[in-house]
Amino acid sequence: MSTTPESTPPPARKGDESRQATNFIRQIIDRDLAERRYPGVATRFPPEPNGYLHIGHAKSICLNFGLARDYGGRCHLRFDDTNPTKEEQEYVDSIQADVRWLGFDWGEHLYFASDYFQKMYDLAEKLITDGKAYVDSLSKDELREHRGSLTEPGRESPYRSRSVEENLDLFRRMKAGEFDNGEHVLRAKIDMASANMLMRDPLLYRIVKAEHHRTGDAWSIYPMYDYAHCIEDAIEGISHSICTLEFENNRELYDWVLDNVGFTEPRPHQHEFARLSLDYTVMSKRKLLTLVKEGHVGGWDDPRMPTLAGLRRRGYTPEAIRAFADLIGVAKTNSTVDIGKLEYCVRDDLNHRAPRVMAVLDPLKVVVTNYPLDLEERLEASYWPHDVPKEGSRPVPFARELYIEREDFAEEPPQGWHRLSKGGEVRLRYGYVIRCYEVVKDAAGAVVELRCSYDPSTRGGANPDGRKIKGTIHWVSAKHAVAAEVRLYDRLFTVPAPDATDGDFKDHLNPDSLTVVRAMVEPSLAAAEAGAHYQFERQGYFVTDSVDHRPGELVFNRVVTLKDSWARKTAGPEDDAAPVERESKPKADKGGKGRPTKLTASQGRGKAREADPALAEAFARFQAEHGLSEEDADVLTGDLALATFFEAAATGHEPEPVAKWVTNVLLAELKDRPVAELPFDGAAFGRLIALADAKTISTSGAKAVLEVMLAEGGEPAAIVKARGLEAMTDDASLQALVDAALAAHPDNVARYREGKTTLLGSFVGAVIKASGGSADAKRVKELVKAALAG
RNA sequence: UGGGGCGUCGUCAAGUGGUAAGACACGGGAUUUUGGUUCCCGCAUUCGCAGGUUCGAAUCCUGCCGCCCCAACCA
């Protein structure tokens, strides 16, 4: 992403193959495209217009629009406006502005869920007609009570059995506005006992008598998210509907609605990724709204807010945010990203686009006493450092009285101090070397002025006598400097995870998140334009404030400081290595009920055995008669089909290896498929294992045969014969393959001999592959070892 | 006493039975009138833990542990 103009391409380094950005969603898309499940890729970004977009949304926007871009598809911007009580046109506008600002274009694909209300309604009537939805007239409380709990099934509503005619009539009257809020709802008729709470007859429609920002009072019923969202996707022909992890439970309902309302494949499918969490900030709309409402910040666009509006005003660039999205990746792990990565991205972007200027944030007066009283010089100062390939400079006035940064002077300089001290020298950037010979203090003992001398021969970086000046500091001419308001922003919270701590997240608000200073800036800045970025040398990146900055009343926001390895060195461990202690969230003790533990697989099998004496009997017999371990016997007796399969396979053979093959290999191939679907029976499987056991075929050969059997069934011995998979055990053939494998990778041979012994496996693997799986692995390993040693 | 997910470096994150990518952070060095930038070099014998299968396991099997989500007429 980051482009350094004019830079030559970096030299190829080891293993450098510029890896394609990949993530599990791209893999799913690749698979779907390879299987031709969709004609192309269509994604969508579906915000509800009930608040401002934040950096977390930016991750989603970059993902969805990025996918469409990279796969030559399209990405829709769709407002999910199904709840008129919370949504406003203001948000519709701000969201569009933010997405555009971020750099994405939805072209003609701007949609509103509300445009589909009629279609959704028609489909709901169809559901009713099909007997798959009903009007319920329970109260809110009764509804909740009937829903059951996480561990107890729900109960069916007495209204569940209403006739289609009655349901249709009621639903039409709901639509016609004959009832008040809460009197009736439309529910899907699914399963009140489902382990997935969302499938317990979910609400499809509710009565809401409110003005909708787009449809006005045309509707008095509105669809619920789970009913509406999937239909919106399907209507628009979305292929991959990407949302965040907390919707994983909703996927089953997403699929149910589409399947029952009549959308057939290819239809959209939902995939979930982890939403963004960032250190030292909060991301929920509710908390952000609280900060705004209670005045902890100046508004949605306060530069400390993680909103796009806030980041924009802070001076973050769209490029930096997009680079950040690329940097953090997309996965399913709940994770919290170090906010330092975001800061890195802006610095990296602004470094080559922000001209350098000088500004003194905390001025300390310096009088250069040997500088002529009336003399004023104009020193030419480049806007760009040597390593940024851009041109341009401005004159900077120099005179007898200057300001320097107060922290660039130390009365008692610490070890390694490069800046000014009494009796010491420092270079003024683009100017002269000065030496401080006197420190003027006020009555309270505070330093108010430095009296210095300058060396005329050192102008503009000249160094005639080769003298070593370690430090260079920034400065402004007192007479020419322009006053400016500078807003120094810092993290909004003092702890890494403000919403994971005990008590109120607002307790951790950083009181120093905003410091306003009156700075003295170089005169060229008087002409600073709106939205202009600068680097104040040695300080950080700054931007003119988009609201308050104007000519004659300069206001700068600090985007981010420069990296400061000196401060890190001095500050010591407490400040810098601040251990990211994430206080773990206290268990929300919901309803006093302990958190139920999940039923494990073995517990499930135990239950199955309790319920089925045949299984219990097999469990005992497998141990007693076949000599299996309790563990193997357990795994094999979870369901009768598997137990029977095993017994058939074991008959006439050593039971132990058969058990190992069933549990370790077959189970993995099977995944969740029932054994009954296998195109071969237990006896055939047993014959395969016997072949391996007798060393007629090698282990990898047996796996190869199994692959074939899994795909098309067949008799193991015949497959072995047809594919020439008999174990290759004669040393002559094996040795030839080994020699070839070593010869193919002389570099790895050398590295192995230097001690990188983990390379052994790759040689063995190569030989086995070359043999088509028939080579005897143990022997190969011996031969490879010998060859490598020789 | 339910169901759905997730555990790979301080932080993100590749990896899909055959040499543990990369980035940020961190440490060291070089260049530098920004203690900035840039450039080098270093930074996981090990993938939540324990068993097992295999010539070979982060990847397969089993058990255990930890974390997140679900009981709005929100999305």
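In what follows, chains are A, B, ... by sequence order, proteins preceding strands, each numbered from 1.
Base engagement by A:Lys341 is indicated by at least one non-hydrogen atom pair under 4.0 Å involving a base atom. Nucleic acid contact class of A:Glu246 (heavy atoms, under 4.0 Å, all strands): sugar-phosphate only. A:Trp384 comes within 4.0 angstrom of no nucleic acid atom, judged by non-hydrogen atoms across all strands. Using a 4.0 Å heavy-atom cutoff across all strands shown, A:Val330 reaches sugar-phosphate atoms only and no base atom. Within 4.0 Å (heavy atoms only), A:Asp564 reaches sugar-phosphate atoms of the nucleic acid but no base atom. Residue-level contact check: A:Gly154 touches neither bases nor backbone, having no heavy atom under 4.0 Å from any strand. No engagement by A:His474 is indicated, since no non-hydrogen atom pair under 4.0 Å with the nucleic acid exists. Counting non-hydrogen atoms under 4.0 angstrom, A:Arg356 reaches a base of the nucleic acid. Note on A:Tyr205: nothing from the nucleic acid sits closer than 4.0 angstrom, heavy atoms only. Within 4.0 Å (heavy atoms only), A:Tyr752 reaches no atom of the nucleic acid at all. Across all strands shown, A:Gly471 has no heavy atoms under 4.0 Å from either base or sugar-phosphate atoms. Counting non-hydrogen atoms under 4.0 angstrom, A:Arg200 reaches nothing in the nucleic acid. Within 4.0 Å of A:Arg147, counting heavy atoms only, lie sugar-phosphate atoms of the nucleic acid but no base atom. Among the heavy atoms of the strands, none lies under 4.0 Å from A:Ile469.
Annotation for A:Lys785: atom NZ does not count as buried by contact number, only 12 or fewer foreign heavy atoms lying within 6.0 Å. Heavy atoms from other residues, nucleotides or ligands lying under 6.0 Å from NZ of A:Lys778 number 12 at most.
In this structure B:rU11 sits in a base pair with B:rA23, meeting the Watson-Crick or G-U test at under 3.5 Å.
Applying the 4.0 Å criterion to OP1 and OP2 of B:rC24, one finds that A:Tyr344 has a side-chain N or O inside that range. A close approach under 4.0 Å does not occur between any side-chain nitrogen or oxygen of A:Ser698 and OP1 or OP2 of B:rC55. OP1 or OP2 of B:rA75 lies within a sub-4.0 Å distance of a side-chain N or O belonging to A:Arg206. At B:rG36, none of the side-chain N or O atoms of A:Gln539 fall inside 4.0 Å of OP1 or OP2 (strictly under the cut-off).
Note: A:Phe536 and A:Phe542 have parallel aromatic rings, judged against thresholds of 30 and 60 degrees for the angle between ring planes. Classified by interplanar angle (parallel below 30°, tilted 30° to 60°, perpendicular above 60°), the ring pair A:Trp566/A:Trp417 is perpendicular.
Judged by distance alone with a 3.5 Å cut-off, no donor-acceptor contact links the side chain of A:Arg251 to the base of B:rG4. A:Gln27 contributes a side-chain N or O that forms a donor-acceptor pair with the base of B:rU16 under 3.5 Å.
Here the P atom of nucleotide B:rC68 and the CG atom of A:Asn249 are 15 Å apart, to the nearest Å.
Here, B:rC69 and B:rU34 have their P atoms 49 Å apart, quoted to the whole Å.
A salt bridge between A:Lys285 and A:Glu48 is absent, with no side-chain N of the basic residue lying under 4.0 Å from a carboxylate O of the acidic one.
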